[in-house]
Amino acid sequence: MTWEHYWTLLLKQWKLILGCFLLAGLGTLMVSKLMTPLYQATALVQVTASSSSNGQTDYTNLLASDQLVQTEAQLATSGPILSEVASHYPGLTADVVSKEASSSPTLNTQLFQVVVLDPDRRRAAVLANDIAQTLTRRETAIAQQQNTQNAQQIQQDLKTTSQNISDISNNIAYLQARGGHQGDVILLQLQLNSLQQHYAQWQTLLAQLELNEAKNGTILRIVQLAQPSAAPVRPDIPLNTGIGFMAGLFLGVLAAILVDRFDTRVRTSEALTELLGWSVIGTIWRDPATKEGNRLEWINTQEHDANMESYRILRTNIGFSSIDKPLRLLMVTSAMPGDGKSTVAANLAIFMAKAGKNTLLVDADLRRPVQHQIFNLPADKKGLSNALLALSMPQPPDGTARIGTQFIAPIVPQSTTGIPKSGVGVTGFPLEEYAHAVGISSLRVMPSGPLPPNPSEMLDSKSMQRFYDLVANCGADMVIFDVPPICGLSDANIIASKVDGTILVVDSTRATRGQLKQVKTLLAQDGASVIGCVVNKQRRSRNDSSYSYYYSYRREEQKSGKNQQ
């Protein structure tokens, strides 16, 4: 598919795209309006860590500090903290708080945020501050408890060491007073020195622990309390609506492509020509005055109709198609019932007659005929089935035609009524008995007559072959056969090989690729000579050039008529 094809597709499916665009966008807007607004409150907490002058130690402390920030951020939303916070408010549970609260470290800093989303802006701020304060109190209490335990342990060690120093000192003094062995005194003196050094180290450690506790107090500090926000952060109505419109546009374009890909209908003349390889020789526009778009009546050429020019173009194109080969017998059919073939055949016959051509319209649809209704002929009028029955009778040796039990003398052909009274090949056959005048000069209509029980056999009979010879040589310039639809019936296939040309009427509102391919296959099997297609019930807008030209002409004519009155 080319970009031009995609652009044409988008223009063709603009209603679908616009519908998806508006539906998704406005739907998102309405849903966002109906959502409960959530307010966000954020408390900022700092994690402090001591450092030294040693470079390697500073790097190690930095890594430890980063891990400590992440640890404290996770602890802020842990179960014990949230349970304690929930206990401060009647009716509030830890599960509710866990759904509203979150925490995350700030990259490359010693800070982390405690964030709370709540429908109440004030409660959001209160909960965020309470979580930060509860975490700080817990960490402070744990640090103090640890320091106390460490101090007590050091003091216990100092007490034990001091007692050992005192005991060894007394032993040394006792040995020296008694004149004891000098080696024992030296050994005790070494133990005493070791204990004194150990005692000094414990004293230094205890002093440093007390100094750090007095200096730092706690590793957590709230640097920013949460404040009630002025506007909700969720839903973000402009953002959601914009995303909805963009998603709707994408879905609309996607739906248009899918519809075009899976739609089997053939809507345009270009698509019809591309599918069948047959040219479109006429386009019958959908009548804006009727919902059906196709009336079972002829066009009154005395009045203005939007399709008058369409039938003139169709008549002209048929004339051009028969320049090299004479075209006398013409079949009009369609793929399915209801495509408008009978109306097209009737109006084509009218415009052929208006052009001065002696025209005979034959209703060869022996199943659901409608030409007698279109031209208001009585139902009991003789027609094609009567003529075929008469032609099936044995011909008398003297050249007269036999109808029933009566013989009719030969009649000299005359052309005063447009259709001669006798045909060549069937001497003296009274064609006017079956082809009736309908008030239009040069036009005769032969209705179907009584419907036979075996239409296909009758159309494939020798009588029908005699009928072809009769109408082909009766003096008519154009004989148009209105035959049944092709799909599902053999009637049209039987006639297709006998006529000079076939016209396929295609209903643009419901024609499918499968049906049209089947029609092409059937006509090809019968060796039919297809002149082209007539696109029926084609929709058009007032922007169409020919449509605008015609109606501007009608308006000017109506204005001039009023002025003359």
Side-chain angles (χ1 to χ4, degrees), residues 1-40 99 117 119 231-276 280 283-294 306 334-336 338-340 505-518 533 535-548 550-551:
M1 296 176 68
T2 62
W3 286 109
E4 182 180 359
H5 180 83
Y6 279 114
W7 178 249
T8 303
L9 172 62
L10 296 181
L11 293 179
K12 176 182 176 182
Q13 299 290 347
W14 70 270
K15 292 183 180 179
L16 175 61
I17 298 174
L18 180 61
C20 293
F21 175 76
L22 294 178
L23 182 62
L26 297 179
T28 305
L29 176 61
M30 293 179 62
V31 171
S32 300
K33 289 284 188 181
L34 295 175
M35 291 176 62
T36 302
L38 296 178
Y39 296 87
Q40 177 177 305
K99 294 177 181 178
L117 291 173
V233 293
R234 295 183 185 175
D236 190 338
I237 296 179
L239 178 62
N240 292 349
T241 304
I243 294 175
F245 277 120
M246 294 302 297
L249 180 62
F250 173 77
L251 292 177
V253 173
L254 180 61
I257 295 175
L258 291 177
V259 167
D260 180 72
R261 181 70 64 181
F262 295 103
D263 187 9
T264 61
R265 293 176 295 180
V266 179
R267 296 294 190 92
T268 63
S269 302
E270 294 78 8
L272 182 61
T273 302
E274 181 180 357
L275 177 66
L276 299 179
V280 175
T283 300
I284 309 303
W285 303 105
R286 189 181 182 91
D287 192 344
T290 61
K291 295 182 179 180
E292 298 84 1
N294 183 61
S334 63
M336 299 296 293
D339 289 346
V505 178
V506 179
D507 187 346
S508 63
T509 63
R510 63 173 188 169
T512 63
R513 293 187 178 96
Q515 293 174 354
L516 295 176
K517 288 181 179 179
Q518 182 181 3
C533 302
V535 178
N536 194 27
K537 305 180 187 178
Q538 180 68 43
R539 294 186 178 92
R540 66 172 161 184
S541 64
R542 292 185 177 272
N543 295 327
D544 183 82
S545 58
S546 60
Y547 185 93
S548 303
Y550 170 75
Y551 277 99

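We use all heavy atoms of the structure for the numbers below, so side chains are in, but hydrogens, waters and symmetry mates are not.
- In terms of the ring-ring contact (aromatic ring centres under 6.0 Å, His included) criterion, residue partners of F21 (sequence neighbours excluded) are, by chain and number, F245.
- Of the inter-residue distances, the one linking I243 atom CD1 with M246 atom CE reads 10.0 Å to the nearest 0.5 angstrom.
- The CG atom of L23 sits 10.5 Å away from atom CG of L16, with the distance rounded to the nearest 0.5 Å.
- At least one side-chain heavy atom of V259 sits less than 4.5 Å from a side-chain heavy atom of Q13.
- T509 is listed as a side-chain neighbour of R286, based on a closest heavy-atom distance under 4.5 Å.
- The heavy-atom pair separating G248 from A24 by the smallest distance is CA-CB, 3.4 Å.
- Listed here is the closest heavy atom pair of C533 and V506: CB-CG2, 4.5 Å.
- Checking side-chain atoms of S508 against main-chain N and O of R267 turns up no donor-acceptor pair under 3.5 Å.
- With sequence neighbours left out, the side chain to side chain contact (heavy atoms under 4.5 Å, CB included) criterion links K33 to L29, I237.
- Put simply, the side chain of W7 reaches to within 4.5 Å of the side chain of L11, judged on heavy atoms.
- We find the OG1-CD distance between T264 and Q515 to be 8.0 Å, quoted to the nearest 0.5 Å.
- Partners of T283 according to the side chain to side chain donor-acceptor pair (under 3.5 Å) rule, which considers only residues two or more places apart in sequence or in another chain, do not exist here.
- Inter-residue side-chain proximity for V253 and L10 is flagged as met; some heavy-atom pair is nearer than 4.5 Å.
- The shortest distance between side-chain heavy atoms of I284 and Q538 does not fall below 4.5 Å.
- In terms of heavy atoms, T241 sits closest to T28 at N-CG2, 4.1 Å.
- The minimum heavy-atom distance linking D507 with G338 is given by the pair OD2-O, 3.9 Å.
- Note that CZ of R513 is 11.0 Å distant from CG of L272, once rounded to the nearest 0.5 Å.
- Here the closest non-hydrogen pair linking K517 and L276 is N-CD2, 4.4 Å.
- Applying the side chain to side chain contact (heavy atoms under 4.5 Å, CB included) test to M35 and every residue at least two apart in sequence or in another chain returns V31, P235.
- The side chain to side chain contact (heavy atoms under 4.5 Å, CB included) search around L258 returns L254, F262, not counting sequence neighbours.
- Atom OG of S32 sits about 4.0 Å away from atom CG of N240, to the nearest 0.5 Å.
- Judged as a side chain to side chain contact (heavy atoms under 4.5 Å, CB included), and not counting sequence neighbours, the contacts of A271 are V266, T268.
- To the nearest 0.5 Å, atom CD1 of residue I17 and atom CD1 of residue I257 are 8.0 Å apart.
- Between L516 and A511, the closest heavy-atom pair is CD1-CB, 4.3 Å.
- With sequence neighbours excluded, the residues that form a side chain to side chain donor-acceptor pair (under 3.5 Å) with R265 are D263.
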